[in-house]
Amino acid sequence: MNAREIRQMFPILDQEVNGKPLVYLDSSATSQKPVPVIETLDKYYREYNSNVHRGVHTLGTRATDGYEGAREKVRKFINAKSTEEVIFTRGTTTSINTVAASFGRTNLTEGDEIVISYMEHHSNIIPWQQVAKHTGATLKYLPLQEDGTISLEDVRETVTADTKIVSIMQVSNVLGVMNPIKEIAKIAHENGAIMVVDGAQSAPHMKIDVQDLDCDFLAFSAHKMCGPTGIGVLYGKKKHLEKMEPVEFGGEMIDFVGLYESTWKELPWKFEGGTPIIAGAIGLGAAIDFLEQIGLEEIEAYEHKLAAYAMEKMSAIDGMTIYGPKEASKRAGLVTFNIDDVHPHDVATVLDAEGIAVRAGHHCAQPLMKWLKVSATARASFYLYNTEEDIDKLVSGLVKTKEYFSDVF
Amino acid sequence: MSSKNLDTLYRQVIMDHYKNPRNKGVLEDDSLTINMNNPTCGDRIQLTLKLEDGKVADAKFEGEGCSISMSSASMMTQAIKGKNIEEALKLSKVFSDMMLGKEYDEDDLDLGDIEALQGVSQFPARIKCATLAWKAMEKGVSTEKEEQE
């Protein structure tokens, strides 16, 4: 994999920010978009924008083919058994909310348990808090090890016969840890629970095989994987989706509408009320083509290398705290950190003056921040277009940040 | 490093308030407590105000956040102490205009250290940090005002 060549395909990266060449290290928040994705969206709007599944006309057929073609690409991308199991949503948040609102509220009752972990993103916490409130079920948190990883021992202890749902992120957006989803799913199933996977931070970076993981649901967003914003996927096993009620009702998702009763379309469309995100889905398809051409295994290996390099260089800076596992082999391509005596917002502002974009804040993971005993952290996250040179610039930016703040004090 | 820009943000007086915050703590008895946070970044402030005869008799703050949010809280408490409620709200308006880069009318108000925060207006992403404490104050003072009216 040649990151320098790949980088050329991302026009946004070729610009100056605050007088310095842009170093974009915030891909965990959202990734940049390559030319093929931008051109696919452009082509759709210029040449065949039309509503899907209803028009008899030619453009309608082209748009429908594009939209359903993207569904097949997603199916292959995650190795789902059929396209009936692939639902287009607005993103990871909507996907998890759909499972919570439909499966969760119907199947759970007082005495049942939902198990999540301390490292979850708010979008994999609050939907379950709401399910617990509405059904009387109990929300339980998996503890974390000292280095931020989840131990299967703890999973075995926390998940009980009363557990109905286990919902865990595959890769942490803060700690960078990769969770043993397959093993957790096995424990969930042994206890009669279903396994929901938040794939927002994994789908862009590694090969996912839902049949191998044996997860019941998987949620992810296109915008973190070179695709457009506003589109994501909910994968669900057919046996669950068939029994689930839609969450949104209206056009597109109906079979027959009477005055007082209606029936739904078959899967997956019963979950796609309203005009779907047509351009977004087609754009996601283009992003999948782009990523697969490079190879997910290649991308993952490259990012591991970048993470290892960043860990080595960053931990050499005096006063640096890095959160999550120390071993690069346990990490995905991101590093969350704090510098002594400099608040992460101030770190991010000084880096921004250097053209370096990092994230600062709680990363939508307040319970995890509490566990880490910090109010905020800074995060540099990498993707296939980043290079060791970017990390060198980050490191010298961090050294300057330290110097700057020791000067002004 | 383009530190010229940064120097308009991180003025010495700001850093002094950050390192040595004035009025840090919690007021006891009959004081008004306002909790506010900035949900997008995790900054958090607890402001306690003692309002007597239409005046801010005392003000203290607790919280965690960046240099801008904490120094702004420190300066705000310093500025409003002893002022009457109208003046405190007027100061808040002046501050808000300053953050938006608008012309602001000082009138005969003494802005003191607050003027050092003027540079924040050039860093749009940081304006929310600076206004957090002021919003808390406005909220507290106006609740009290409503109750009196």
Side-chain angles (χ1 to χ4, degrees), chain A residues 16-21 23 26 29 122 126 174 336 338-370 372-379 393-394 396-409, chain B residues 1-21 24 35-46 61-75 99 113 116-133 136:
Chain A
E16 289 198 341
V17 167
N18 296 319
K20 304 282 168 77
V23 178
D26 197 19
H122 294 163
I126 310 164
V174 176
T336 298
N338 264 323
I339 306 177
D340 283 355
D341 301 325
V342 190
H343 192 279
H345 294 169
D346 296 317
V347 173
T349 294
V350 179
L351 290 177
D352 183 55
E354 292 289 299
I356 304 166
V358 299
R359 171 92 189 259
H362 53 52
H363 314 288
C364 299
Q366 290 183 26
L368 177 59
M369 292 294 118
K370 203 174 158 198
L372 291 169
K373 297 189 181 70
V374 292
S375 61
T377 58
R379 177 188 70 195
K393 284 182 185 162
L394 169 69
S396 65
L398 290 171
V399 171
K400 281 179 188 171
T401 307
K402 270 196 62 177
E403 282 166 6
Y404 183 76
F405 279 92
S406 55
D407 282 353
V408 287
F409 281 140
Chain B
M1 150 169 248
S2 35
S3 50
K4 200 178 153 211
N5 261 338
L6 287 176
D7 291 341
T8 62
L9 180 64
Y10 296 115
R11 304 267 301 272
Q12 199 72 40
V13 57
I14 294 179
M15 287 308 169
D16 180 50
H17 275 272
Y18 181 44
K19 275 277 169 178
N20 313 293
K24 192 93 192 268
N35 286 297
M36 210 168 247
N37 54 49
N38 188 344
T40 53
C41 63
D43 284 358
R44 172 188 78 71
I45 183 175
Q46 182 190 50
F61 80 99
E62 271 295 343
E64 46 195 18
C66 61
S67 58
I68 303 301
S69 69
M70 293 296 107
S71 63
S72 182
S74 168
M75 291 177 189
M99 286 304 105
D113 292 348
L117 285 165
Q118 211 172 359
V120 177
S121 65
Q122 291 168 35
F123 292 79
R126 304 301 295 276
I127 294 174
K128 269 192 193 155
C129 312
T131 52
L132 181 66

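To find a chain, count down the sequence lines: A is the first, B the second, and so on, and within it residues start at 1.
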| field | Donor-acceptor contact present, side-chain A:H345 to main-chain B:S67, <3.5 Å | value | no
| task | Taking all non-hydrogen atoms of both residues into account, name the closest pair between B:E64 and A:S375 and its distance. | result |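 Distance-wise, the nearest heavy atoms are OE2-CB, 3.3 Å.
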| field | Between OH on residue A:Y404 and CG on residue B:D7, distance to nearest 0.5 Å | value |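 It comes to 3.5 Å.
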| said: Nearest 0.5 angstrom please: B:L6 CG to A:K400 NZ, how far? | reply: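 B:L6 atom CG to A:K400 atom NZ measures 11.0 Å (nearest 0.5 Å).
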| query | For B:R126, is it the side chain, the backbone, both, or neither that has a heavy atom closer than 4.5 Å to a heavy atom of chain A? | reply | side chain
| task | Test side-chain contact (heavy atoms from CB on, under 4.5 Å) on B:F123 and A:D352 and set out the steps. | result | CA-CA 10 Å; B:F123 292 79; A:D352 183 55; 5.9 Å; no
| task | Evaluate whether atom NZ of A:K370 has more than 12 neighbouring non-hydrogen atoms of other residues, nucleotides or ligands under 6.0 angstrom away. | result |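 12 or below, so no.
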